[in-house]
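This structure is a prediction, so every number in the text was calculated from the model and none was measured. This chain uses plain numbering: 1 for the first residue, then up along the sequence.
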Amino acid sequence: MKLEKFFIFDFDSTFTKVEALDILCEISLEGNEEKDNILQQVKDITNTCMEGNMSFRESLEGRLSLLKAHKKHLIPLIAYLKDNVSVSFKRNKDFFRTYSDNIFILSNGFKEFIVPIVKEYGIQEAHVFANEFIFDEEDNIAGYDQANLLSGDDGKSQVIRSLALQGDVYVIGDGYNDYKIKAAGLANKFYAFTENIQRESILQMADHITPSLDEFLYLNKMNTAISYPKNRINVLLLENIHPNAEKKLREEGYNVEIHAAAMDEEELAERIKNVSILGIRSKTHVTAKVLENANRLIALGAFCIGTNQIDLEACQKKGVAVFNAPYSNTRSVVEMAIAEIIFLMRGFHDKSIGMHEGKWIKSASNSNEVRGKKLGIIGYGNIGAQLSVLAENLGMDVYYYDFIEKLALGNATKCSSMEELLHLADVVTIHVDGRPQNKNVIDAEAFSHMKDGVVFLNLSRGPVVDIKALRDNIQNGKVRGAGIDVFPKEPKSNDEEFVSELRGLPNVILTPHIGGSTLEAQENIADFVPNKIIEYVNTGSTTNSVNFPNVQLPLLHNAHRLMHIHMNVPGVLAKISKILAEHNINVVGQYLKTNETIGYVIIDIDKAYDDTVIQALKSIDNTIRFRVLY
């Protein structure tokens, strides 16, 4: 006879992210001058007990004596706890409902706030074992039921013993009292739950460390919401990506590693072997050689606008979806361009340097307003177009040229060629991407077409300007001032020396690739890119991917979602359909999009399927990557 499985869950810091008594204390002490001091005492008592260094009854009496709470305080507490259920528990509601007869909540907390939380997950009230408050005549919390087994030491073990469960018992919790159930021989395994808090002393006692409920379900072959535990998905973030990105990815459950600098090809090729999600900015180059080792990589985030540092075709062939942030730092770059145009037209940069050297040079020579001047914008994309609008508001006459047809905003005038623009403009600014055909698009010949005394800006990509030609034209006076933020060769980190022929030239503003480096822009990017990656991993949606066919998909319930990436050759979809038909699998929904290189198909099928189906789908000729999403 097959034994049943029973699952014993702790509540505080396991089912919810927090210790409920700590939160109740915080609520009840609102307005109390001693609030911070008392809260710290409560937390210290909690931690001391959870690590096994204080008896539970002693800790309970200590905390309740400090509490000073009323029944009315339970209402905001319950509301707070509902919003702070552990993320992986929220994600796996189906598990609790499916196995409700075999799930128990065993807590040293209190039924009054536990039952309202767990019942929304289908957990039976009769399966909730916890303490109970005693209230006085004015509904103040006056104490607790001391006859309750859970109010004393070793209470959890005594409750489990009284249940006499016939089968395998698994305990999932974060404290010493949870471990004691296993130590007493009343559970097969103790899983230390670390999604919310990690107690080193408890980890040493655990049979297994489970950073999320997904991990526990995966180990016990009971996956419901997702096919693979997110804590096993390794993320590597390079180049000082804003910490909000790390926070968002950790909250999703991923295992995140941070590296402050860029990596060269050899180092990244070695480090990427076990990485599933890679985040970079502009200095790290993801080449075909790097991707040869990236057998686990499923998504790559460029936390910037450009993607020329990434071999997009090699990513396609490897089945790696690439996402960038095409709009997130637009405003920051535009504001920098406006500031530098004004600074250079007025000669502020050199005057400021002179003042620091003790030189007082009060003169209007070579100092001009920007109003009425002609601004030439090469590249009329998101940045160029927004710059056009702001510059026009400053009173500039705006001209633009783009290699593809773009409609003018405001009163901007489209030029038929770059040469036409260069002949007209008092200020030339370039905003194109780093594709190979744009290399040295501004060269010696381009400078020869510009007006004498032109102001020149490059805030786009380093290779698009011939640096020697720029230096020569600054030195001969053709270019009266320049603002350069990007360079053909840039240091990999802040510790490396910046070397350039432009150093020391007059009226030249050199900045270390910071056009998009404002707090606002980096926060926007750190929000946008992780969201796109998370959406792709969770649902298969590829909206805004720069190298995959764009597919936006709903999240379905009561279905499995399968993702199949393949070379764009005839017959693959027919083979997928044939395999599903041979196994009598009903297709709930199917989505296919292709580009010139790959086909991307999402199949939603009924819950029931055989593992042989997965192997058959993986074995189809020209398959690049296959994944079960949920």
Side-chain angles (χ1 to χ4, degrees), residues 282 306 308 333 336-337 339-354 357 359 361 363 365-368 370 373-379 384 387 399-401 403 415 417-491 496-515:
S282 57
N308 60 292
V333 177
M336 183 175 184
E340 291 198 348
I341 289 168
I342 294 172
F343 254 61
L344 293 167
M345 290 290 286
R346 295 290 299 275
F348 287 156
H349 179 60
D350 283 0
K351 287 182 172 64
S352 176
I353 291 174
E357 294 173 347
K359 299 174 184 176
I361 306 173
S363 171
S365 177
N366 289 323
S367 180
N368 300 98
V370 298
K373 301 302 183 294
K374 294 180 176 64
L375 173 65
I377 301 173
I378 301 171
L387 174 59
Y399 297 83
Y400 72 93
Y401 172 72
F403 303 110
C415 293
S417 67
M418 190 171 75
E419 287 76 14
E420 179 188 356
L421 179 143
L422 296 177
H423 283 296
L424 287 168
D426 300 301
V427 179
V428 173
T429 180
I430 185 164
H431 300 282
V432 299
D433 61 32
R435 68 187 68 184
Q437 52 266 47
N438 284 337
K439 184 176 181 180
N440 289 341
V441 70
I442 301 297
D443 56 10
E445 182 181 354
F447 282 112
S448 73
H449 292 297
M450 296 184 195
K451 286 183 176 181
D452 290 340
V454 70
V455 165
F456 178 75
L457 270 66
N458 179 20
L459 311 182
S460 59
R461 291 290 177 265
V464 305
V465 176
D466 182 335
I467 294 297
K468 182 180 184 304
L470 173 59
R471 182 199 62 190
D472 292 344
N473 281 276
I474 293 170
Q475 289 178 330
N476 66 28
K478 179 85 173 186
V479 176
R480 65 181 277 189
I484 308 299
D485 185 50
V486 288
F487 305 87
K489 187 177 186 310
E490 298 180 354
E496 186 178 328
E497 182 184 2
F498 166 65
V499 178
S500 174
E501 298 175 79
L502 301 177
R503 284 170 54 174
L505 294 176
N507 205 27
V508 174
I509 301 173
L510 302 179
T511 48
H513 204 145
I514 56 170

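We find the CZ-CG distance between Phe447 and Asp472 to be 9.5 Å, quoted to the nearest 0.5 Å. Expressed to the nearest 0.5 Å, how far CG of Leu502 lies from NZ of Lys468 amounts to 12.0 Å. Between the CD atom in Glu419 and the CD atom in Glu445 there is a gap of 6.5 Å [rounded to 0.5 Å]. Of the inter-residue distances, the one linking Lys359 atom NZ with Ser352 atom OG reads 12.5 Å to the nearest 0.5 angstrom. To the nearest 0.5 Å, the span separating OG1 on Thr429 from CD1 on Ile341 amounts to 6.0 Å. Distance check: Phe498 CZ to Arg503 CZ gives 7.0 Å after rounding to the nearest 0.5 Å.
Residue Lys439 qualifies as open at atom NZ: its count of foreign heavy atoms under 6.0 Å is 12 or below.
The backbone N or O of Met345 lies less than 3.5 Å from a partner atom in the side chain of Arg480, making a donor-acceptor pair. A distance-only check finds no donor-acceptor pair linking the side chain of Asp452 to the backbone of Lys478 [under 3.5 Å]. The closest donor-acceptor contact from the side chain of His423 to the backbone of His449 lies under 3.5 Å. Between the Lys451 side chain and the Ala425 main chain, no donor and acceptor come within less than 3.5 Å of each other. Judged by distance alone, with hydrogens and angles left aside, the side-chain atoms of Asn438 form a donor-acceptor pair with the main-chain N or O of Asp433 at under 3.5 Å. For the pair Asn440 (side chain) and Asp443 (backbone), a donor-acceptor distance under 3.5 Å is absent. Asp485 places a side-chain N or O within 3.5 Å of a backbone atom of Gly515 that can act as its donor or acceptor partner. Not one N or O on the side chain of Arg471 forms a donor-acceptor pair closer than 3.5 Å with the backbone of Ser500. A side-chain donor-acceptor contact under 3.5 Å links Asp350 to the backbone of Asn507. No side-chain donor-acceptor contact under 3.5 Å links His349 to the backbone of Phe343.
Within the 4.5 Å cutoff, no side-chain heavy atoms of Val427 are placed close to those of Val370. In this structure, Gln475 and Leu505 have side chains that are in contact, with non-hydrogen atoms separated by less than 4.5 Å.
Closest non-hydrogen pair, Pro491 versus Glu497, comes out as CG-O, 3.8 Å. When all heavy atoms of Ala444 and Ala469 are compared, the pair lying nearest together is N-CB, 3.6 Å. Listed here is the closest heavy atom pair of Ser460 and Asn458: OG-OD1, 2.7 Å. In terms of heavy atoms, Val455 sits closest to Leu457 at CG1-CD1, 3.8 Å. What you find for Ser365 and Lys351 is that their closest heavy atoms are O-NZ, 4.4 Å. Here the closest heavy-atom approach between residue Leu424 and residue Lys374 is recorded as O-CD, 3.2 Å.
Side chains of Arg461 and Asn308: a donor-acceptor N/O pair is present below 3.5 angstrom, by distance only.
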| message | Pair Ile509, Met336 - check side chain to side chain contact (heavy atoms under 4.5 Å, CB included), show working. | response | CA-CA 11 Å; Ile509 301 173; Met336 183 175 184; over 6 Å; no
| said: Using the rule given for side chain to side chain contact (heavy atoms under 4.5 Å, CB included), can you reason through Met418 versus Val441, listing the C-alpha separation, both sets of side-chain angles and the distance that settles it, and then say yes or no? | reply: CA-CA 10 Å; Met418 190 171 75; Val441 70; 4.3 Å; yes
| message | With side chain to side chain contact (heavy atoms under 4.5 Å, CB included) as the criterion, how do Glu340 and Thr511 come out once you've worked through the C-alpha distance, each side chain's angles and the decisive distance to 0.1 Å? | response | CA-CA 11 Å; Glu340 291 198 348; Thr511 48; 4.1 Å; yes
| request: Check the pair Ile484, Phe456 against side chain to side chain contact (heavy atoms under 4.5 Å, CB included), reporting the backbone distance first and the verdict last. | output: CA-CA 8 Å; Ile484 308 299; Phe456 178 75; 4.1 Å; yes
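Of the residues Ile377, Leu421, Leu422, the one that meets the side-chain contact (heavy atoms from CB on, under 4.5 Å) test with Tyr401 is Leu421.
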